[in-house]
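Structure first, commentary second.
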Amino acid sequence: MKAKVCLMPALGVLTLSCTKQQDRPNILYVFPDQFRSSALAFWDQSAFAGAQRWQADPVFTPRLDGFAEEALVLSRAVSTCPLSSPYRGMFLTGMYPERNGIISNCMAQRPDNTLNIESVCISDVLSASGYQCGYIGKLHAEVPMKNDPDNPGHYVSRRRPEWDAYTPPERRHGFEYWYSYGAFDEHHNPHYWDTEGVRHDPHEFSVAHETRKAIGFLRCRDRKRPFFLCVAYNPPHSPYEDPSKDCLPEDYALYKDRPLSELYVRKNADTTLSKAAFIRQYFSNVTSVDRHFGMLLDELRRQGIDKNTIVVFTSDHGETMCSQGTEDPKNSVWTESFNVPFLLRYPGKIRPRVDSVLMASVDIMPTLLSLTGSSIPPGVQGRDLSSLFLTGEGERPKAALYLRNVNGEPGPDGLYRQFFPVARGLKTDRYTFEIALRRDRALREVKIYDDLEDPYQLHNLDYREHRELFDNLCTLLSQKLSESADVWDRENILDKILEQL
Ligand code: CA
């Protein structure tokens with residue numbers, strides 16, 4: 001193997017263990033927003049029997065079902081801090097939130113909560129090593145700034161507080177093709193800013209529109225270079241109120257007449273909640289994503305590049321959809337929120353199978369870089385799981401960290417510059433664990449669920465009655481907090497809680 005050397009100012013020298021650019025795999029990374037792991041019909045099929053202890057949602061996902069048979073399917077992948085922006089920060093940088101700058105969801109009232117400009121992203125590395133990088137869809141990794149290309153000195157809309165954002169070229173981290181926005185939730189009325197900063201309002205269902213743009217990218221790409229294309233669909237994220245505004249009629253038709261008693265299969269769902277009927281719209285958009293994801297696979301096959309393209313299907317977090325009696329769809333340690341789909345197809349290189357490896361959000365970047373033969377930049381905190389993927393051999397993480405942060409006290413201007421690290425936890429190969437604080441940092445609650453015996457997490461094991469288990473989980477948590485240089489470690493928050501018990 002001949003080493004190839006690339007120079008990039010931000011990264012220094014990268015050594016690539018590849019002979020030819022065309023031998024390096026392309027990457028298509030598709031991540032709809034709020035797509036929960038159980039919303040995949042294949043979990044109930046015989047090939048996946050026993051991989052989950054819970055039942056699959058009664059959804060139609062035929063393309064993902066077929067894809068799963070060709071992919072490495074992770075049954076316990078998690079979204080470390082299950083919110084849009086923190087996930088994106090970790091995926092892009094391989095760093096935990098405090099290091100990459102995105103601690104909570106990006107919006108104008110949190111002026112410092114944004115992707116550190118100096119963070120080296122997966123796209124920076126791949127671009128520097130010759131990849132053509134493209135980003136389509138929801139970015140939500142930047143604080144909204146008053147930089148509307150059509151109205152300089154103003155936010156991109158008059159909404160207050162502002163959530164949406166325009167990302168100028170100098171903040172795109174190596175993505176040379178751009179068709180994106182910050183955060184905006186009208187599925188039939190999306191908008192985007194393109195590579196040149198021109199705004200587009202296509203008045204088309206966003207998943208269909210972004211799929212067409214992605215196919216356009218694949219057809220017009222530079223065929224001398226490998227590509228890295230991210231497609232960040234917003235559905236099945238809310239809103240779910242009005243099917244005519246939020247769904248495609250052909251997909252909604254599959255669910256609209258089905259009784260809730262058929263649609264809710266999870267034993268922890270409270271169907272008396274006001275959002276209960278929204279499950280029809282949610283599942284409709286799951287099916288829309290499935291169908292359009294299939295169109296992307298078809299395009300790869302048509303071009304004959306399916307064999308040399310790593311395709312990932314995942315999500316930024318899940319959706320509780322009335323489970324655990326909460327209206328909050330995410331930002332909780334419960335399976336419906338914390339677990340995410342993660343399917344990776346790399347024909348001839350990675351054997352299709354189910355694996356229960358505890359993959360965290362920060363592990364994605366180093367793993368994908370390694371699979372392309374790229375160096376992993378300094379500062380990355382995630383693990384390179386590529387050898388586990390390729391050979392099944394290698395050290396398996398004992399746990400995956402869970403983080404929940406909320407606003408700290410507002411400043412005199414009403415803006416939030418501090419955050420409060422309200423909960424930390426873990427998933428292990430058997431247990432889900434969380435310690436939550438009160439505002440005075442005293443213990444508020446401990447959650448311990450035995451996911452093997454209690455897959456719907458109906459019985460919180462009392463930590464006082466399961467002291468040895470609790471102590472073991474605390475030891476693991478302490479290790480993970482130290483590894484991730486978390487504020488709970490720096491400020492001895494866990495130790496202080498344990499001293500009180
Ligand atoms: Ca999200």
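Predicted model, so just to flag it, every value in this text is computed and none were measured.
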Any heavy-atom pair between the side chains of Ser337 and Glu319 that's under 4.5 Å? no
Ring pair (Phe, Tyr, Trp, His ring centres under 6.0 Å) contacts touching residues 195-214 (sequence neighbours left out): Tyr179-His200, Tyr179-His209, His188-Phe205, Tyr192-His209
Under a 3.5 Å threshold, yes or no: a donor from one side chain and an acceptor from the other, between Gln303 and Arg221? yes
Derivation and outcome, side-chain hydrogen bond (donor to acceptor under 3.5 Å, both in side chains), residues Ser244 and Tyr252: CA-CA 9 Å; Ser244 70; Tyr252 186 61; over 6 Å; no
Working note: Arg430 + Asp451, criterion salt bridge (charged side-chain N to carboxylate O under 4.0 Å, His left out); need CA distance, chi angles, decisive distance, verdict. CA-CA 6 Å; Arg430 178 157 181 176; Asp451 294 331; over 6 Å; no
Partner set under side chain to side chain contact (heavy atoms under 4.5 Å, CB included) for Arg396, not counting sequence neighbours: Asp355, Ser356, Val357, Leu388
Are Asp486 and Ser484 linked by a side-chain donor-acceptor pair shorter than 3.5 Å? no
Does the separation of the ring centres of Tyr402 and Phe338 fall below 6.0 angstrom? yes
Evaluate the side-chain hydrogen bond (donor to acceptor under 3.5 Å, both in side chains) criterion for residues Gln457 and Thr432: first the C-alpha distance (whole Å), next the side-chain angles of each, then the deciding distance (0.1 Å), finally the verdict. CA-CA 9 Å; Gln457 301 178 326; Thr432 294; 3.3 Å; yes
Assess whether salt bridge (charged side-chain N to carboxylate O under 4.0 Å, His left out) is satisfied between Glu299 and Arg302, documenting all intermediate values. CA-CA 5 Å; Glu299 180 63 23; Arg302 256 194 301 274; 3.0 Å; yes
Give a yes or no on whether the backbone of Arg225 and the side-chain of Gln132 come within a donor-acceptor separation of less than 3.5 Å. no
Donor-acceptor contact below 3.5 Å, side chain Asn285 vs main chain Ser288: no
Find out whether Pro149 and Arg199 are in side-chain contact, i.e. whether some heavy atom of one side chain is under 4.5 Å from a heavy atom of the other. no
Any donor-acceptor N or O pair under 3.5 Å, side chains Thr309, Asn26: yes
Indicate every side-chain donor-acceptor pair of residues 115-122 with a distance under 3.5 Å to a residue at least two apart or in another chain.
{"residue": "Asn116", "atom": "ND2", "partner": "Arg99", "partner atom": "O", "Å": "2.9"}
{"residue": "Asn116", "atom": "ND2", "partner": "Asn100", "partner atom": "O", "Å": "3.4"}
{"residue": "Ser119", "atom": "OG", "partner": "Asn116", "partner atom": "O", "Å": "3.2"}

Say whether Asp363 and Thr367, considering side chains only, have a donor N or O and an acceptor N or O under 3.5 Å apart. no
Ring centres under 6.0 angstrom apart (Tyr29, Phe31): yes
Is there side-chain contact between Met321 and Asp57, with at least one heavy-atom pair below 4.5 Å? no
Going through the checks in order, is the ring-ring contact (aromatic ring centres under 6.0 Å, His included) test met by Phe60 and Tyr255? CA-CA 10 Å; Phe60 294 96; Tyr255 304 99; 5.8 Å; yes
Cut-off 3.5 Å, side chains only: do Asn105 and Ser85 have a donor facing an acceptor? yes
Hey, are the side chains of Ile215 and Arg219 touching, using non-hydrogen atoms and a 4.5 Å cut-off? yes
For Asn339 and Ser37, indicate whether the former's side chain and the latter's backbone hold a donor-acceptor pair under 3.5 Å. no
Could you go step by step and tell me if Tyr87 and His317 meet the ring-ring contact (aromatic ring centres under 6.0 Å, His included) rule? CA-CA 8 Å; Tyr87 169 82; His317 51 77; 8.1 Å; no
Going by distance alone, is a donor N or O of one side chain under 3.5 Å from an acceptor N or O of the other, for Glu204 and Asn189? no
Could you tell me if the side chain of Val125 sits less than 4.5 Å from the side chain of Thr372, heavy atoms only? no
Salt bridge (Lys or Arg N to Asp or Glu O under 4.0 Å) partners of residues 306-316, not counting sequence neighbours, each pair once: Arg88-Asp316
Under the ring-ring contact (aromatic ring centres under 6.0 Å, His included) test, residues paired with Phe313 that sit two or more places apart: Phe35, Phe293
Restricting to side chain to side chain contact (heavy atoms under 4.5 Å, CB included), what partner residues turn up for Lys349, sequence neighbours left out? Tyr346, Leu390
Can you tell me which residue pairs pass the side-chain hydrogen bond (donor to acceptor under 3.5 Å, both in side chains) test with a partner in residues 46-55, sequence neighbours excluded? none
Ignoring hydrogens, what is the shortest heavy-atom contact between Tyr135 and Leu229? Give both atom names and the distance. N-CD1, 4.4 Å
Between Tyr456 and Thr335, is any side-chain donor less than 3.5 angstrom from a side-chain acceptor? no
Across all chains, not counting sequence neighbours, the salt bridge (Lys or Arg N to Asp or Glu O under 4.0 Å) partners of Arg76 are none
Side chains of Pro397 and Leu385, heavy atoms from C-beta outward: is any pair under 4.5 Å? yes
For a quick check under 3.5 Å, do Arg291 and Thr211 share a side-chain donor-acceptor pair by atom type? no
Has Ser238 got a side-chain atom pairing as donor or acceptor with Tyr240's backbone, closer than 3.5 angstrom? no
Test side-chain hydrogen bond (donor to acceptor under 3.5 Å, both in side chains) on His187 and Asp246 and set out the steps. CA-CA 5 Å; His187 298 330; Asp246 304 329; 5.5 Å; no
Ignoring hydrogens and geometry, is there a side-chain-to-backbone donor-acceptor pair from Thr320 to Ser323 under 3.5 Å? no
Min side-chain heavy-atom separation Leu126-Ile27 under 4.5 Å: yes
Straight-line distance of Leu72 CG to Arg353 CZ, nearest 0.5 Å: 5.0 Å
Spell out, as yes or no, whether a donor-acceptor pair under 3.5 Å connects the side chain of Asn234 to the backbone of Phe184. yes
Say whether, by atom type as modelled, one donor and one acceptor occur between the side chain of Thr61 and the main chain of Ala41 under 3.5 angstrom. yes
ring-ring contact (aromatic ring centres under 6.0 Å, His included) involving His140 - partner list, sequence neighbours excluded: Trp163
Measure up the Phe48 and Trp43 rings against each other and bin them: parallel (under 30°), tilted (30 to 60°), perpendicular (over 60°). perpendicular
Would Glu70 and Arg345 satisfy salt bridge (charged side-chain N to carboxylate O under 4.0 Å, His left out), going step by step from the backbone distance to the final call? CA-CA 6 Å; Glu70 302 168 348; Arg345 187 181 76 179; 2.8 Å; yes
Output every pair passing salt bridge (Lys or Arg N to Asp or Glu O under 4.0 Å) with a member in residues 178-187, not counting sequence neighbours, ordered by first then second residue. Arg159-Glu186
Mind checking side chain to side chain contact (heavy atoms under 4.5 Å, CB included) for Thr167 and listing every partner two or more places apart, or none if nothing turns up? Leu139, Glu142, Arg171, Arg172, Trp178
Is a donor on one side and an acceptor on the other found under 3.5 Å between the side chain of Thr80 and the backbone of Ala360? no
Could you tell me which residues satisfy side chain to side chain contact (heavy atoms under 4.5 Å, CB included) with Glu395, sequence neighbours excluded, listed by chain and number? Arg383
How about Tyr264 and Cys322: do any of their side-chain heavy atoms sit closer than 4.5 Å? yes
